[in-house]
Protein chains: 2
Amino acid sequence: MSRRSHDRSAECRAFAVDAAAVAEARDSLHDETTARSLADVFSALCDPTRLQILTALSATELCVCDLAAVTGSSQSAVSHQLRVLRDRNLVAYRRDGKRAVYRLADDHVRVLLSQALEHVAEERA
Amino acid sequence: MSRRSHDRSAECRAFAVDAAAVAEARDSLHDETTARSLADVFSALCDPTRLQILTALSATELCVCDLAAVTGSSQSAVSHQLRVLRDRNLVAYRRDGKRAVYRLADDHVRVLLSQALEHVAEERA
DNA sequence: CTGTCGTGTGAACGTCTGCTCATACGTTCA
DNA sequence: TGAACGTATGAGCAGACGTTCACACGACAG
C-alpha cells in the first residue's frame, strides 16, 4: 500500500487526465433506470431473429405462425422472442380467434431501424 | 412417419395462414449481409458499459483513461469495448501523444440514442 | 365432449459475451 | 537508455442468451 503513486498498473490513474471533460461527461450520463431501459431496448434489437420479426412487422401485421414462416424459425422460438419484444413494448398484439396477430407498438421502432440502416449503408461507401 | 398431417405439433403448419401477408413480409426482409450489419450495430448498443461510453462521448471527446473514470469500469474493460465500437464504426479516435482520444463516428449514433430515449420516456407515461 | 389448431412457457443445453488478470507495445521524460 | 505512463490484447472464466424439446392452455369444429 506504500508507494501509492507507482503500483496502479491496471487501474490507470485514480484522478482524471482531463477533469473538466470527465465532469461534463459524467453529468450527461442517464440515471440508472433510464440507462437500464435503454440497454433493454437495444438488447431487444440486437438479435437477428428479432430484427427479422420487426422488419416483417414493419410491412404488415402477422400472426405467430406466419412470423415463423417468414423468419424460418420454429414457432416456439418466435414465441419466445415475441415475449421479449412485448416486454420491451416494441410490439403489440390482438387476439383473433385462436390466433395472436402482432404489430409494431409505435413508430420509434421504424426510426431506429431506418437510422441503423442508414448507418450501415453509409459505412459501405 | 405415417399420419403426416397429425404429427407436426411443434412445426406449426408448413403453409401460411395468410400467404399474401407472408409473401409481402418476406419481400421486405433485408439481404443477409445487411441483416448481419444491422444486428452488429444494435449488438454494439445493447451493453450498459458501451451505452455509457457512447453517452459520454455525446458530450465531449475523451481518452480511454477518462472514459474508465466516467463509466467506473477498468481501463481494460473500456479498451475491449472501444474495440467493439471501433469495429462497428460507431466511434473514431486520434492519437495525442500516448493518449487515444475517442469521439463519436457520426450523428447516427446520437439519433439512435435519442430515439430509444424517446421510446422509453413515452412508455412510462 | 373430443380432437385439433395456434400459441405460450419452463427446463435443458450449447454458444456467445463481457469481465478480470497478466502482459506487451508505443510514447514521453529524466 | 531506462522507467513510467497510456493503451491494446489474449486467455480464461462466470453469467447471459437463444434455441430445441416437451408440454399446457384456450378457441373452435365436428
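In this text the structure is predicted, and so the values were computed from the model without any measurement. Chain naming here is simple, since letters A, B, ... match the order of the sequence lines and numbering starts at 1 in each.
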Ignoring hydrogens and angles, answer whether the base of [N] and the side-chain atoms of [X] contain a donor-acceptor pair closer than 3.5 Å.
| X | N | result |
| --- | --- | --- |
| B/Ser74 | C/dC19 | no |
| B/Ser76 | C/dC21 | yes |
| A/Ser79 | C/dT9 | no |

Query raised in the report: Of all the nucleotides listed (D/dA8, C/dC19, C/dT7), which has the minimum atom distance to the side chain of A/Val64?
Result: C/dT7

Report task. Output the residues of residues 37-56 of chain B in contact with DNA chain C, where contact means a heavy atom of the residue under 4.0 Å from an atom of the strand; sort by number or write none. Result -> B/Asp47, B/Thr49, B/Arg50

Query raised in the report: Taking DNA chain C as the partner, which of residues 94-101 of chain A come within under 4.0 angstrom of it by heavy atom?
Result: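 Within residues 94-101 of chain A, the residues near DNA chain C are A/Lys98, A/Arg99, A/Ala100.
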
Query raised in the report: For C/dA30, what is the paired nucleotide under Watson-Crick or G-U wobble rules, both distances under 3.5 Å?
Result: D/dT1

Report summary line: So the side-chain hydrogen bond (donor to acceptor under 3.5 Å, both in side chains) pairs with at least one residue in residues 51-60 of chain B (sequence neighbours excluded) are none

Report task. Mind checking salt bridge (Lys or Arg N to Asp or Glu O under 4.0 Å) for A/Arg110 and listing every partner two or more places apart, or none if nothing turns up? Result -> A/Asp107

Query raised in the report: Any ring-ring contact (aromatic ring centres under 6.0 Å, His included) pairs touching residues 105-125 of chain B, not counting sequence neighbours?
Result: A/His108-B/His119, A/His119-B/His108

Report task. Check whether any side-chain nitrogen or oxygen of B/Arg83 sits under 4.0 Å from OP1 or OP2 of D/dT9, and answer yes or no. Result ->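 Affirmative; the distance criterion is met.
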
Query raised in the report: Is the shortest side-chain N/O distance from B/Gln81 to OP1 or OP2 of C/dT17 below 4.0 Å?
Result: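 Answer no for this pair, as no side-chain N or O of B/Gln81 is under 4.0 Å from OP1 or OP2.
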
Requested in this report: Starting at atom CD of A/Gln75, determine the distance to atom C1' of D/dT19, rounded to an integer number of angstrom.
Outcome: 13 Å

Query - Between P of D/dA8 and CG of B/Leu67, the distance in whole Å - result: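 Computing the B/Leu67:CG to D/dA8:P distance gives 10 Å.
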
List the atom pairs, donor and acceptor, that lie under 3.5 Å between side-chain atoms in residues 16-23 of chain A and the rest of the protein, sequence neighbours left out.
| residue | atom | partner | partner atom | Å |
| --- | --- | --- | --- | --- |
| A/Asp18 | OD1 | A/Ala20 | N | 3.4 |
| A/Asp18 | OD1 | A/Ala21 | N | 3.2 |

Query raised in the report: Stacking here means centres under 5.5 Å and planes under 30°; does B/His80 stack on C/dC19?
Result: no

Report task. Assign A/Tyr102 to base, sugar-phosphate, or nothing according to its heavy-atom contacts below 4.0 angstrom with the strands shown. Result ->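 If one applies the 4.0 Å heavy-atom cut-off, A/Tyr102 turns out to touch the sugar-phosphate alone, with no base involved.
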
Query raised in the report: Hey, which of these two, B/Leu82 or A/Val84, hits DNA chain D nearer its 5' end, going by closest nucleotide?
Result: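 Final value for this comparison: B/Leu82.
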
Query raised in the report: What are the two closest heavy atoms between B/Glu24 and A/Ala59, and how far apart are they?
Result: OE2-O, 3.5 Å

Requested in this report: Count the heavy atoms of every other residue, nucleotide or ligand shown that sit under 6.0 Å from CZ of B/Arg103, and state whether that count exceeds 12.
Outcome: yes

Query raised in the report: Any donor-acceptor pair under 3.5 Å linking the side chain of A/Arg50 with the backbone of A/Leu85?
Result: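 Here the side-chain-to-backbone pair does not exist.
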
Query - Any donor-acceptor pair under 3.5 Å from A/Arg26 side chain to B/Ala69 backbone - result: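 Pair found, side chain donor or acceptor close to backbone of B/Ala69.
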
Requested in this report: May I have the step-by-step check of side-chain contact (heavy atoms from CB on, under 4.5 Å) for B/Phe42 and A/Val41, ending in yes or no?
Outcome: CA-CA 9 Å; B/Phe42 288 121; A/Val41 169; over 6 Å; no

